[in-house]
Amino acid sequence: MNAAPQTEQELLERALELAGFSLGEIAAKLGQQCPMDLKREKGWVGMLLETWLGATAGSKPVQDFEDLAIELKSIPISYSGKPLETTFVCVAPLTGIHGLSWEKSHIRQKLSKVLWIPVEGERDIPVCDRQIGMPLLWQPSTEEEAQLKADWEELMDMIALGEIAKINARHGEYLQLRPKGMNGKVVTEAYGASGQPIKAQPKGFYLRKSFTERILRRHFLHLAENNQDR
DNA sequence: ACTTGATCATGG
DNA sequence: CCATGATCAAGT
């Protein structure tokens, strides 16, 4: 519905205007029905915000706001203000990874600039009543990027060595690999232990809650400090 | 209580 | 199948 924002400032202003509205109010403005729960429409909140803000990418493997190089992420928040879920970033490449570096990786590109929009996510709040929070435009600090890079290199080393069968969600301090697919039967091409092609379950990169919690806390604590001065 | 592994919808 | 958008729910 809404046209793509032309500048970062315009995108931020639109996101700021969303704060305080409920998902049901925004859905109504878009002529959409609000689902009773998210069991069968897990991406509904993210799609709603994309539509409202004028995201352009669709299902292309680029940032939501390609021209602005900004990725949009909604993040479900608990009553205590902490993330209720990990954050999916992108699928992990399992083949053709020879010579791939963090600097050239898809995930680094996606995380280079993210507009986080917190949304109430407790299941006892009806979806239509859940309120949208203050947006946060984030770029990884030097430390954060180093942490992500370290995890990424550990995980990608396992993939490159054909150890995909050994990978589980326990690897990686801030970035983890988890199954990504319609169900456990979906398979894709990967490398086996001796370099031979094998079939494996597709994997996705997810940010652990401890990482996103720190992003949110740092930002909103900073705001609180600034407000004390006024 | 919390995380891991599984699952759902949609479009190309 | 691959990509996007994620949350559910079993297991520990």
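The sequence lines fix the lettering, A, B, ..., with proteins before strands; numbering per chain opens at 1. Quick caveat, the model's predicted, so the values are computed rather than measured.
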Could you tell me how far apart A:R40 (CZ) and C:dA9 (P) are, to the nearest whole angstrom? 10 Å
Of A:A92 and A:D37, the one whose nearest nucleotide on DNA chain C sits closer to the 5' end is A:A92
d(NZ, A:K60; P, B:dG12) in whole Å: 11 Å
With a cut-off of less than 4.0 Å, is there a side-chain N or O of A:K39 near OP1 or OP2 of C:dT7? no
Could you verify whether a donor N or O on one side chain and an acceptor N or O on the other, from A:Q196 and A:S194, lie under 3.5 Å apart? yes
Given C:dC1, C:dC8, B:dA6, identify the nucleotide with an atom nearest to the side chain of A:R123. C:dC8
OP1 or OP2 of C:dT7 less than 4.0 angstrom from a side-chain nitrogen or oxygen of A:K180, does that happen here? no
Does A:R14 pair with A:E17 as a salt bridge, N-O distance under 4.0 Å? no
Nucleic acid contacts of residues 61-84 of chain A, taken as heavy-atom distances under 4.0 Å to DNA chain C: A:P61, A:D64, A:E71, A:K73, A:S74, A:P76
Going by atom types only, do A:Q201 and A:R178 share a side-chain donor-acceptor pair under 3.5 Å? no
Do A:H106 and A:P61 have side-chain heavy atoms sitting under 4.5 Å apart? yes
Pick base, sugar-phosphate or nothing for A:H106, based on heavy-atom distances below 4.0 Å to the nucleic acid. sugar-phosphate
Starting at atom CG of A:N168, determine the distance to atom C1' of B:dC2, rounded to an integer number of angstrom. 16 Å
Under 3.5 Å donor-acceptor, A:S78 side chain and A:L84 backbone: no
Contact class for A:R178 (heavy atom, under 4.0 Å): base, sugar-phosphate, or nothing? base
Any A:R170 side-chain nitrogen or oxygen under 4.0 Å from OP1 or OP2 of B:dT4: no
A:K199 bridged to A:E189 by N-O distance under 4.0 Å: yes
At under 4.0 Å between heavy atoms, what does A:G46 touch on the DNA or RNA strands: base, sugar-phosphate, or nothing? sugar-phosphate
On DNA chain B, more 5' by nearest nucleotide between A:K185 and A:E85 is A:E85
Would you indicate which nucleotide in B:dT3, B:dT4, B:dA6 comes nearest to any side-chain atom of A:A169? B:dT4
Do A:R208 and A:T87 have side-chain N/O donor and acceptor atoms under 3.5 Å apart? no
Rounded to the nearest angstrom, tell me the gap between atom CG in A:L48 and atom P in C:dT7. 13 Å
Are A:E145 and A:K149 close enough for a salt bridge, meaning some N to O gap below 4.0 Å? no
Contact under 4.0 Å: A:Q176 side-chain N or O vs B:dT3 OP1/OP2: no
Within the structure shown, what part of the strands sits under 4.0 Å from A:G121 by heavy-atom distance: base, sugar-phosphate, or nothing? nothing
5' priority, DNA chain B, between A:K42 and A:R208 [closest heavy atom]: A:R208
What is the distance, rounded to the nearest whole Å, between atom CD of A:E50 and atom C1' of C:dA3? 12 Å
Round to a whole Å and report the spacing from CG of A:L177 to C1' of B:dA6. 16 Å
Need the bend value for the helix from B:dA1-C:dT12 to B:dG12-C:dC1: angle between end axes, 5 pairs each end, nearest 10°. 30°
A:F205 six-ring centre to A:K180 NZ/CZ under 6.0 Å and within 45° of normal: no
Need one value for A:V187: base, sugar-phosphate or nothing, where a base atom within 4.0 Å counts as base even if backbone is also close, heavy atoms only. sugar-phosphate
What is the distance from NE2 of A:H171 to C1' of B:dT3, rounded to the nearest Å? 14 Å
Rounded to the nearest Å, what distance is computed from the NZ atom of residue A:K203 to the C1' atom of nucleotide C:dT4? 20 Å
Given the options A:L53, A:D64, A:L72, A:L137, A:L11 meets side chain to side chain contact (heavy atoms under 4.5 Å, CB included) only with A:L53
Could you tell me whether A:E213 and A:K209 make a salt bridge, using a distance below 4.0 angstrom between a side-chain N and a carboxylate O? no
Answer yes or no: does a side-chain N or O of A:T87 lie under 4.0 Å from OP1 or OP2 of C:dA6? no
